[in-house]
Amino acid sequence: MKRKRSLKALKRELDKAFSLFIRQRDAARDGYVRCVTCGRQYFWEEGHAGHFIKRQHLATRYDERNCHFQDAYCNTYRGGALVEYTLYMQKRYGQSVIDELLQAKHKTTKMTRADYESLLEKYRG
């Protein structure tokens with residue numbers, strides 16, 4: 001009998017699949033993409049899927065509007081470069097989406113095995 005993966009393992013797999021999806025979604029046909037916070041160009045594999053609302057908030061963790069290509073420096077060493085990220089979000093989506101995401105981050109969210117598996121299927125294609 002095949003053993004079920006733990007929820008922690010499913011979450012880790014989903015994080016990888018979601019990151020891959022975001023970085024490829026944001027890239028041009030030639031594979032290059034600009035960091036949403038500093039504007040430098042990279043090949044999609046060289047960056048991160050940076051979250052506007054941090055990943056610890058499960059309600060927004062897999063919201064595609066909350067995640068965009070960032071280079072490692074902006075995402076890690078600049079703590080997500082929140083000022084620049086906010087300006088990007090305002091320009092791309094408007095204040096109403098920012099407000100919606102900020103409100104959503106306070107929701108208590110519990111994901112089931114079925115939730116993780118469904119999202120995995122979606123982002124693996």
Side-chain angles (χ1 to χ4, degrees):
M1 185 163 85
K2 192 175 175 184
R3 202 174 143 165
K4 286 185 180 180
R5 292 171 294 185
S6 68
L7 288 181
K8 187 176 181 178
L10 283 171
K11 187 177 194 177
R12 194 171 35 249
E13 271 185 65
L14 178 55
D15 283 343
K16 281 184 183 179
F18 186 70
S19 174
L20 187 69
F21 170 82
I22 293 296
R23 291 178 291 135
Q24 289 178 335
R25 173 201 71 186
D26 291 354
R29 284 184 182 213
D30 63 3
Y32 285 90
V33 60
R34 292 196 178 279
C35 173
V36 297
T37 49
C38 72
R40 286 190 293 262
Q41 187 170 305
Y42 297 87
F43 193 68
W44 71 267
E45 291 175 311
E46 298 174 314
H48 295 177
H51 288 72
F52 177 64
I53 306 291
K54 300 301 169 211
R55 288 179 354 144
Q56 70 197 36
H57 302 284
L58 197 53
T60 56
R61 187 177 187 129
Y62 305 110
D63 187 320
E64 293 176 22
R65 301 168 302 169
N66 186 50
C67 198
H68 304 86
F69 183 91
Q70 276 190 306
D71 67 54
Y73 185 77
C74 287
N75 192 32
T76 306
Y77 301 106
R78 294 184 63 213
L82 217 44
V83 170
E84 293 90 342
Y85 209 146
T86 302
L87 293 172
Y88 170 81
M89 293 291 287
Q90 286 173 332
K91 187 175 179 181
R92 173 139 187 203
Y93 299 108
Q95 190 62 42
S96 62
V97 169
I98 293 172
D99 292 343
E100 186 182 325
L101 292 170
L102 288 169
Q103 198 170 31
K105 85 175 192 176
H106 297 292
K107 291 180 183 169
T108 302
T109 303
K110 182 150 174 70
M111 289 181 59
T112 65
R113 177 175 302 282
D115 294 331
Y116 283 113
E117 289 171 347
S118 172
L119 285 173
L120 262 170
E121 194 174 306
K122 175 182 178 181
Y123 291 113
R124 281 193 179 144

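Numbering starts at 1 and runs along the sequence shown.
The heavy-atom pair separating Ile53 from His57 by the smallest distance is CG2-CD2, 3.6 Å. The minimum heavy-atom distance linking Gly50 with Asn75 is given by the pair CA-OD1, 3.8 Å. Considering all non-hydrogen atoms of both residues, Ala59 and Thr109 come closest at CB-OG1, 3.2 Å. Nearest approach of Ile98 to Gln90, heavy atoms of both residues: CD1-CG, 3.3 Å. Closest approach of Met111 to Leu14, counting heavy atoms only: CE-CD2, 4.3 Å. Minimum heavy-atom separation, Met89 to Phe52: CG-CD1, 3.8 Å.
Separating the OH atom in Tyr116 from the OG atom in Ser6 is a distance of 10.0 Å, to the nearest 0.5 Å. Here Leu120 contributes atom CG and Arg5 contributes atom CZ; the two are 6.5 Å apart, rounded to the nearest 0.5 Å. For the atom pair OH of Tyr62 and NZ of Lys122, the computed distance is 12.5 Å after rounding to the nearest 0.5 Å. Put simply, OG on Ser19 and NE2 on His48 are 8.0 Å apart, with the number rounded to the nearest 0.5 Å. Interatomic distance, Leu101 CG to Ser96 OG, rounded to the nearest 0.5 Å: 9.5 Å. Separation of atoms CZ (Arg40) and CG (Asp71) is listed at 5.0 Å; rounding is to 0.5 Å.
The shortest distance between side-chain heavy atoms of Arg78 and Glu84 falls below 4.5 Å. Taking 4.5 Å as the limit, every side-chain heavy atom of Glu121 sits out of range of all side-chain heavy atoms of Glu117.
Ser118 places no side-chain N or O within donor-acceptor distance of the main-chain N or O of Ala114, the cut-off being under 3.5 Å. The backbone N or O of Phe43 sits less than 3.5 Å from a side-chain atom of Glu46, completing a donor-acceptor pair. A donor-acceptor pair under 3.5 Å links the side-chain atoms of His51 to the main chain of Arg61, judged by distance alone. Thr60 places no side-chain N or O within 3.5 Å of a backbone atom of Asp63 that could act as its donor or acceptor partner.
Side-chain contact, Gln95 with Asp99: a donor N or O sits under 3.5 Å from an acceptor N or O. Side-chain polar atoms of Asp115 and Thr112 form a donor-acceptor pair below 3.5 angstrom.
In the hydrophobic clustering of ILVMFWY residues, with side-chain heavy atoms under 4.5 Å counting as a link, Tyr73 and Val36 come out apart. Under the 4.5 Å side-chain heavy-atom criterion for grouping Ile, Leu, Val, Met, Phe, Trp and Tyr, Leu20 is not connected to Leu10 through any hydrophobic cluster. Residue Leu102 is not grouped with residue Leu58 when hydrophobic side chains (ILVMFWY) are merged at heavy-atom distances under 4.5 angstrom, including chains of intermediate members. Under a hydrophobic clustering in which Ile, Leu, Val, Met, Phe, Trp and Tyr are joined whenever their side-chain heavy atoms come within less than 4.5 Å, directly or via other members, Tyr88 and Trp44 fall into different clusters. Cluster annotation: Leu87 is not connected to Val33 through the hydrophobic network of ILVMFWY side chains, with a link wherever side-chain heavy atoms come within less than 4.5 Å.
Residues forming a salt bridge (charged side-chain N to carboxylate O under 4.0 Å, His left out) with Lys16 (at least two apart in sequence, or on another chain): none.
Partner Phe18 forms a side chain to side chain contact (heavy atoms under 4.5 Å, CB included) with one of Arg23, Glu64, Glu13, Arg124 and no other, that one being Glu64. Residue Arg34 is tested with Gln41, His68, Gln70 for a side chain to side chain contact (heavy atoms under 4.5 Å, CB included); the sole match is Gln41.
Tyr42 and Phe69 have tilted rings, their planes meeting at an angle from 30° to 60° on a 0 to 90° scale.
Using a 4.0 Å cut-off between charged side-chain N and carboxylate O, Arg55 and Asp15 make a salt bridge.
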Taking it one step at a time, do Lys4 and Arg113 satisfy side chain to side chain contact (heavy atoms under 4.5 Å, CB included)? CA-CA 10 Å; Lys4 286 185 180 180; Arg113 177 175 302 282; 4.0 Å; yes
